[in-house]
2 protein chains.
Amino acid sequence: MAEDVFKALADPTRRRILDELVQRDGQTLFEICARLVAGRGPGLSRQAISQHLAVLESAGLVTTRRQGRYKFHDVNTEPLERIVTRWLRPDAPESTP
Amino acid sequence: MAEDVFKALADPTRRRILDELVQRDGQTLFEICARLVAGRGPGLSRQAISQHLAVLESAGLVTTRRQGRYKFHDVNTEPLERIVTRWLRPDAPESTP
DNA sequence: TTGATAGGCAAGTGTTCACTTGCCTATCGT
DNA sequence: ACGATAGGCAAGTGAACACTTGCCTATCAA
């Protein structure tokens, strides 16, 4: 639902996670943890990030694939494209002269 | 800030208000109240909607102009265009062959 | 098999948020 | 001036949310 997408984007940490995954797709939880803590200082536990990833996944913004004991996370920008055309003109922002 | 834009969009009522204002720009608080209650049934007080409008305004998504005892509200989609290009490719979604 | 790595589940806590309630100010019509 | 209309301010309430804490499961290397 669009509802979940907006709620998922409401949190700054989740937006940072999306930033991370756009930079490098297919990261594991621990990789994301390390990179987020490195770029922001501590204050973020592994469980917190895990819960954020769950929110992003249930919003359809992140897909996961298990492989052994690893779980890789990939971004899916498709929900984003759909929610913005809600208020923006579907095309041609300067088509009306 | 982008922070405020995302938080403003997180609430379904505020998104409905944006829908209303996109349909008909320059409405007053009472007009928005009437139309929202008409389309959704009660459960929304005037003050609630007023507070939502304040959030949208401080996020830059709505601008206001006073005129006598009326206060008209207009949408401003500019903040929307900026926040989405954060994760979407700025242009050409299929430019990489 | 043992230990270490990668991740998950669930109850508890504190803060933020949406909404209400009650009253107050300002503008317009008569 | 009076009442009615349009809107604002601020304290209080209940629910949602982010985050922690503690423990548990599964996979891999030795």
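Order of the sequence lines sets the chain letters (A, B, ...), proteins ahead of strands, with each chain counted from 1. The figures here come from the full heavy-atom set of this structure, side chains too, leaving out hydrogens, waters and symmetry mates. All values reported here derive from a predicted model rather than from experimental measurement.
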Any side-chain N or O of [X] below 4.0 angstrom from OP1/OP2 of [N]?
X: A:His52; N: D:dC17; answer: no
X: A:Ser50; N: C:dG8; answer: yes
X: B:Ser45; N: C:dT20; answer: yes
X: B:Lys71; N: D:dA6; answer: no
X: A:Arg14; N: D:dA18; answer: yes

Distance criterion of 3.5 Å, no angle test: do you see the side chain of B:Arg69 paired donor-to-acceptor with the base of C:dG29?
no

Among B:His73, B:Glu31, B:Gln27, find the residue that satisfies the side chain to side chain contact (heavy atoms under 4.5 Å, CB included) test when tested with B:Glu20.
B:Gln27

Candidate list A:Leu18, A:Leu80, A:Leu61, test side chain to side chain contact (heavy atoms under 4.5 Å, CB included), partner A:Val75, passing option:
A:Leu18

Closest to the side chain of B:Gln51, out of C:dG8, C:dA11, D:dA11, is D:dA11

The side chain of A:Gln47 is closest to which nucleotide in this list: C:dA18, C:dC9, D:dA6?
C:dC9

Identify, residue by residue, the members of residues 54-68 of chain A with a heavy atom below 4.0 Å from DNA chain D, and return them in order of residue number, or none.
A:Gly68

Using whole Å, what does the distance between atom C1' of nucleotide C:dG8 and atom CG of A:Leu29 come to?
10 Å

Under a 4.5 Å side-chain heavy-atom rule over Ile, Leu, Val, Met, Phe, Trp and Tyr, are A:Leu53 and A:Phe30 clustered together?
no

